[in-house]
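What follows is a single structure, written as structure tokens, with notes after it.
Quick note: numbers below take in every heavy atom, side chains included, and nothing from hydrogens, waters or symmetry partners. Everything numeric here is computed off the predicted structure, so don't read it as measured data. Convention: sequence-line order gives letters A, B, ...; per-chain numbering from 1.
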Amino acid sequence: MLPSAADLLHWYDRHRRILPWRALPGQSADPYRVWLSEIMLQQTTVTAVIPYYERFLAAFPDVGALARAPQDRVMALWAGLGYYARARNLHACAQVVAARGGRFPDTVEGLLELPGIGAYTAAAIAAIAFGRPVVPVDGNVERVTTRLFALTDPLPGARKAIARQAMGLNGDAPARARPSDFAQALFDLGAGICTPRTPACVLCPWRDACAAHRQGIAATLPRRAAKAARPVRYGIHFCMMDGAGGLLLVRRPEKGLLGGMMGLPGPAWRDSPWTAPDALAHAPTAPRLCPQWHAVGQVRHVFTHFTLLVDVYAARVKTFPNSLVGAQGMVHRVGDGAVALPSLMRKCVALAQSAHVFD
DNA sequence: GAAGCGTGGGG
DNA sequence: TCCCCAAGCTT
């Protein structure tokens, strides 16, 4: 028995989530909002995205406003959401779209040419915003599909085969009549019913069509290849505050980890721990500046492919010498939210403040 | 194809 | 505490 789109859409009409970027029933979606939400939702949970989405939409009501904004402002609003290349690509994409009159391409092929838009996002925008009959294959759809057809080959190797099966899910007339709802129904099914750990098969509109459910293996799919162990790396960062509550920050390189974001000064992270004298040799210095450094503790931060342990040193000075600011970074006030400071660096600052070195 | 790229919440 | 992983893209 093949899954019926009508069954899924009927379920969706009763149980669809209300989300800030989602059009109400019968209304058409704004391509800008759909695009913005899709970029933010890449590898990121709905609950994490919502406040960022609201702030972005308030700051940049349309693609032209986003295109005209300084990159620093975009990065500052993105700070904390992670995968910062998304924010750089978002800004670049807005400028391309603004240059073509503010209208997004309405085909998968056209969307694919834009920065930050890959196979999934192109299909999602095409289906949700432009009603193209395509199935965006994200993690939800992969999970639903592997279970529906009991596909047991492990990810990521099986990804292409899974996508082929998924793209056939909209083959019947009800699905092709409502491409936008069909795509979002698959998301809601994956997010609310066909969940990773303990799927609520008893509530699933596709239960009778699901091969994995019949075989009692739904919760074990999709299978994944074993992951490599996460190594540990070691960093040192210096938190220096002046009498007016200014913090010395440096601009990180455009590419690479935390690219385009601000950070506390410190030597490059390495594979072996640091000793205190070793670390202090890298402290920011300037003529006639003799800061009293205090070791305030360690921050543990987990990135995708390694764990970072940061020893944080804090010092208070009267004022930052111009040479230091000019050579190594900028100053901003603590509490100023409009700075592109990623979560790792915010943790370091919070630790330094908790040590009362700045009181 | 594989590696690089963040973060926070839940089991 | 640890492990999993979430509407993936780029190189």
Please measure how far the C1' atom in C:dC4 lies from the corresponding atom in B:dG6, and state the result in whole Å.
-> 15 Å

Provide the start and end nucleotides, 5' to 3', of the part of DNA chain C that has atoms under 4.0 Å from heavy atoms of chain A.
-> C:dC4 to C:dT10

Can a salt bridge be assigned to the pair A:D62 and A:R33 using a cut-off of 4.0 Å between side-chain N and carboxylate O?
-> no

Rounding to the closest angstrom, what is the interatomic distance between B:dG8 and C:dC9 at atom P?
-> 22 Å

Name every donor-acceptor pair, under 3.5 Å, that has one atom in a side chain of residues 214-222 of chain A and the other anywhere in the protein, sequence neighbours excluded.
from: A:R214; atom 1: NH1; to: A:D208; atom 2: O; distance (Å): 3.4
from: A:T220; atom 1: OG1; to: A:I217; atom 2: O; distance (Å): 2.7

Tell me, please, which residues at least two apart from A:R176 pass side-chain hydrogen bond (donor to acceptor under 3.5 Å, both in side chains).
-> none

Exactly one candidate in A:R159, A:R147, A:R224 meets salt bridge (Lys or Arg N to Asp or Glu O under 4.0 Å) with A:E142; the answer is A:R159

Give the table of side-chain donor-acceptor pairs shorter than 3.5 Å for residues 120-131 of chain A, with sequence neighbours excluded, one pair per line with atom names and distance.
from: A:Y120; atom 1: OH; to: A:E38; atom 2: OE1; distance (Å): 2.7
from: A:T121; atom 1: OG1; to: A:Q42; atom 2: NE2; distance (Å): 3.0

With heavy atoms under 4.0 Å as the rule, sort A:W21 into base, sugar-phosphate or nothing.
-> base

Specify whether A:H282 and A:W274 have parallel, tilted or perpendicular ring planes, treating 30° as the upper limit for parallel and 60° as the lower limit for perpendicular.
-> perpendicular

Closest-nucleotide 5' rank along DNA chain B - winner of A:H301 and A:G157 | A:G157

May I ask you to say what A:S343 touches in the nucleic acid, namely base, sugar-phosphate or nothing, with a heavy-atom cut-off under 4.0 Å?
-> sugar-phosphate

A:R197 or A:R230: which one's nearest nucleotide on DNA chain B is closer to the 5' end?
-> A:R230

Heavy atoms under 4.0 Å, any strand shown: does A:L155 hit a base, just sugar-phosphate, or nothing?
-> nothing

With a 4.0 Å cut-off on heavy atoms, is A:T47 in touch with a base, just the backbone sugar-phosphate, or nothing at all?
-> nothing

P spacing across the pair B:dG11 / C:dA7, given as an integer number of angstrom | 15 Å

Name the orientation class of the two ring planes belonging to A:F303 and A:F306 (parallel below 30°, tilted from 30 to 60°, perpendicular beyond 60°).
-> tilted

So what does A:R22 hit on the nucleic acid, given a heavy-atom distance under 4.0 Å: a base, only sugar-phosphate, or nothing?
-> base

Does the gap between the ring centers of A:F238 and A:W293 come in under 6.0 Å?
-> yes

Pick the C1' atom in C:dC5 and in B:dC5, then give their distance to the nearest Å.
-> 15 Å

Assign A:V302 to base, sugar-phosphate, or nothing according to its heavy-atom contacts below 4.0 angstrom with the strands shown.
-> base

A:R86 side chain to A:L81 main-chain N or O, any donor-acceptor pair under 3.5 Å?
-> yes

Contact class for A:G80 (heavy atom, under 4.0 Å): base, sugar-phosphate, or nothing?
-> sugar-phosphate

On DNA chain C, more 5' by nearest nucleotide between A:I128 and A:R300 is A:R300

Pick base, sugar-phosphate or nothing for A:A183, based on heavy-atom distances below 4.0 Å to the nucleic acid.
-> nothing

What does A:P342 touch in the nucleic acid at a heavy-atom separation under 4.0 angstrom: a base, only the sugar-phosphate, or nothing?
-> sugar-phosphate

So the ring pair (Phe, Tyr, Trp, His ring centres under 6.0 Å) pairs with at least one residue in residues 157-210 of chain A (sequence neighbours excluded) are none

Scan A:P115 against the nucleic acid and name what it touches under 4.0 Å (heavy atoms): base, sugar-phosphate only, or nothing.
-> sugar-phosphate

Gap in Å between the two C1' atoms, one belonging to B:dG1 and one to C:dG8, rounded | 16 Å

What is the 5' to 3' range of DNA chain B, first to last nucleotide, that sits under 4.0 Å from any heavy atom of chain A?
-> B:dG4 to B:dG10

What is the nucleic acid contact for A:I117, judged by heavy atoms within less than 4.0 Å: base, sugar-phosphate only, or nothing?
-> sugar-phosphate

Which part of the nucleic acid does A:R17 contact within heavy-atom distance under 4.0 Å: base, sugar-phosphate only, or nothing?
-> base

